[in-house]
Structures are given as structure tokens and as C-alpha cells.
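Okay, so here's the structure we're looking at.
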Amino acid sequence: MTKKDSDSVPSPSGGRGARFSTAMDDAASALNASVSFDRRLLWDDVRGSQAHARMLAAVGLIAADDADKIVSGLDQVAGEFDRGERALDPALEDIHMNVESRLTALIGDAGRRLHTARSRNDQVATDLRLHALRAATAIIAGIDGARVALCRRARQHAGDLLPGYTHLQRAQAVTLGHHLLAYAEMLGRDRGRFVDAARRAAECPLGSGALAATGLPIDRQRTSDALGFRGPTRNSLDAVSDRDFAAELAFAAALMGVHLSRFGEELVLWSTTEFGFARLGEGHCSGSSLMPQKRNPDIAELLRAKPGRLIGDVVALLTISKGLTLAYNKDLQETQEPFYDAIETAQVSLAVLPRLIAGLEFKVERMKAAADDPALGATDLAEHLVSRGMPFRRAHEIVGQLVKHAEGKGVSVRDVPVADLPAIAPELSSEALGALDAVRAVNARTLVGGPAPAQVIKEVERLEAELSTLGFEI
Ligand code: ARG
């Protein structure tokens, strides 16, 4: 190694090397640079490079001693940037060139050997997949945290009644536990989508080169194993040019956001004076700068709003990716920001849930009073008549007449005078009207998927068993 070699650093601006005699135009460089956002890939980049260097040494493309210098040099570089001891330089375009440039400044020629059999194209694809896998793991843990919280509250409120709604009109009584477990189900499917997307993301692009792989005798399996991937990607053109894994995660995040927005909206609604079904804990409410009495559900409103941007992220990712020729195109850099936004928005929303859910104050008496509306038992009364042999359509008609009759008299269905019943239908009796009782009605719906307290407890136990195999204590 000559003195000159070890002192010089790679030329800036994305490895323009000796090909150019001038630097990139300032405005062009500002458009081109990605380091302001791809700095998030710092540790993924370093891990990927360390695995690549060790592999290069293992197959004899670089000396073991150089690999050691690279590995420890990269730790130092990442530490410096991470701790803010050294600023990232936008003139070096991206995180990859920043890391490599600093590494070479530190260790000289060994640093210049790192990029052997590698391009920034397979490098960034690898970094993004590593990043995606870490994000998916964190999101899955976040989802489980929310499911634990929902499960606890569902057990606590397995037997508390509230009206269930269709069209936001009171429909039939259900239990609060059942209502909460609906969200646990949604989140369970969201979890599955992240697991599934992560499985497909877990292939290692390293070795794909710029687009056409490499003629050098590298060991792709070794790098893949070292980084914890399932195996190397199978097509170099595809591996450097697809960001479907990012789009899939963003979609999973958007759909989860949509689910959480429904929860947010219900909390907003439930915490109105008009509904009065719930109150958010103080730690999850905001005050008003003007109106001293206000207790605003900002956090629930933000849960409701976040999918707006998550959906935007998915649309951005897909739109940027569409129509791109094989293989790498710089357009792909533009997928990074929506991808980060999606996974970070998902995490920030999930982080709030366990304590928000634990701190919810449910007004169970008010819910119960609302569920006690006898009109909510109309379907149960019809089912009671069916259980006595009546065809359902006839039962539906009779109960409809009963409701109309009650309305005409200005009384509740339960208070229609017994003497009036035979004229509506001979099958109606005061005993039959007992089916209008909300507790009795809900208790009867013990089937799988039903809201009866006993069934809620069964579902809570099923969920608890699943969560405890994942290491949670409920
Ligand atoms: N910042 C770039 C990106 O995100 C890295 C790859 C650059 N490759 C290139 N051929 N210019 O896509």
C-alpha cells in the first residue's frame, strides 16, 4: 500500500470517480441527495457491509486482515455518525457513500476493497430489506401489545351490555367484551399480513451487483445466512429493481391504520356527552387553550387521521414503481420516504395503544341503559317465535306489527298491553315478550363468533393462549 493510496478518499457525489472533472450542480445535488432520509439505514448498511466483507475474506477475494479492519472500522464509522460526532455530508449523496468514504479515510486501502463485487443497487436493496424486517418485527410486537390490552379489557367487560349498531342506529344488544375483541380480531389479521410480508422480504439481494450479478467467485449463501435472510434472491434484475416488499408493508400498515381509525372514531363518538359511553384517561386527552372545561380526544382523532397519510404512502410507492423498466432506476430512491413514513407512522400509532386502552374509562351503566332499549330485542323475539316453529318471514312480520303498534300507542314494545297481543298475532304472549330482555337475548347468543359473555370468555382464553405462547403475560 502506497502512502498516496491510504491518504486519498473516494471522490464524492455518489462514486462519480474519475469519470467526471467537475462536481455535480448544486441544485441537482440537492435533488439527488438522499442522505437526509436514508440515514435511517446507517446500521443496516454497516451490518450488510460487515457481512459482505467477511464473505469476501472467506472466499479469498480480500485478505482476512482487511476484513477485520473493515468490520471494526465500520463499527467506528457508524458510532461516530450515530452519536453525532461526525456529520453526514450531503455532497456524498447517500448513506452508503458517507459510510464508505469515512471508512476509507480511517483504514485506507482496505476500505477501498469493500465494494468488491457489489453495487449500491444491491447494497441499498439489502439495506432496505434489513430495515423492513426490523420494522416488521417492531410493528408485530406493537400489535401484540395492543392485543394484550384489548384482551384484558375484554375479560373485564365480558358481561357488560351495550347496544350494537348498524348504520349507527341501535340494532341489537352485544357485550363490550365482544366489541373490544372485534378490534383484536382485526389486529390479529393485520399481524398476519406483516408476518407474511416479512417472509417475502427476507431474501438477500447482495451479489446481484448493479443489475447483472458478478463474475467474481462470491458466496451469496454465506452473506444471506450471516444477515439472517432465508436465502439469496433468485434474479439479479428483479432483486435490484423491485420494492414490492416496501409496498406490501406499507399496505399492511395502511390497512391496520384503517382498523385503528375505526377504533379512534368510536372513541371520539363514545366520549361525546351525547353518547357518554367512555372517557379517555387524562394522559390521552388534551385541553383547550381557550375553553377551560374541554377534554378533547386528540389522540383518538389522530388514530382516525393517520391512515390518510398511510394510504398516501401506499399510493406513492405504487405510483413511483409503476412502468419502470428493468433493472434499477433512480426513481426507486423516491420510494424510501413513503416507506419510512408508513412504518414509522404505524409504530407511533401502535405505541400509544396499550396505555390508551388500559386507561379507558367505560361508562358501563350508561351503556347498559342504552342496551336495555326493548326495541333492540325485536330480532330476538322473532327468533323466539321461530324456535316455536314459526317461519322466519312470518315472525319478522309479526314483530314488525308489534313495534308499529307500540309506536302508535307511544309505549315501548315490552309495555304493549297483554290484551292487545292476540289481535297482532295469536302466538304473541307475555311469556314471548320475555325474549325482549337484553340480558337473556345476549346470553342466548353463545355460538362461535357470538357476543354472549360465556363466548367472550372463551375467545379471551383462546387469545390469551396465543399471546402467552408469544411470551406475554395477560
Ligand atoms: N440512494 C440510492 C437509492 O436509494 C442508492 C442507489 C444508488 N444507485 C445508483 N445507481 N445511483 O436508490
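Ligands are counted one by one from 1 in listed order, and the atoms in each one are counted from 1 as well.
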Using distance alone, decide if ligand 1 has a nitrogen or oxygen within less than 3.5 Å of any nitrogen or oxygen in R243. no

What protein heavy atom lies closest to atom 5 (C) of ligand 1? Include the residue and the distance to one decimal. D94 OD2, 3.8 Å

Starting from atom 7 (C) of ligand 1, which protein heavy atom do you reach first, and at what distance in Å? Y328 OH, 3.5 Å

Heavy-atom distance to atom 11 (N) of ligand 1: which of R120, Q123, Q333, H96 wins? R120

In terms of side-chain geometry, is the basic nitrogen of R155 or E464 positioned less than 4.0 Å from the acidic oxygen of its partner? yes

Number the atoms of ligand 1 from 1 as they appear, then name those within less than 4.0 Å of a heavy atom of N121, with their elements. 6 (C), 7 (C), 8 (N), 9 (C), 10 (N)

Kindly confirm or rule out an N or O of Q336 lying under 3.5 angstrom from an N or O of ligand 1. yes

Pull out every atom of ligand 1 sitting under 4.0 Å from any heavy atom of S34, numbered as shown with elements. 1 (N)

Regarding D313 and R309, does a basic nitrogen lie under 4.0 Å from an acidic carboxylate oxygen? no

Are side-chain N/O atoms of D127 and Q123 paired as donor and acceptor at under 3.5 Å? no

Tell me whether the rings of F277 and F275 are parallel (<30°), tilted (30 to 60°) or perpendicular (>60°). perpendicular

Indicate whether any N or O donor in one side chain lies under 3.5 Å from an N or O acceptor in the other, for S49 and R118. yes

Is it the case that Y340 and Q336 place a side-chain donor and acceptor less than 3.5 Å from each other? yes

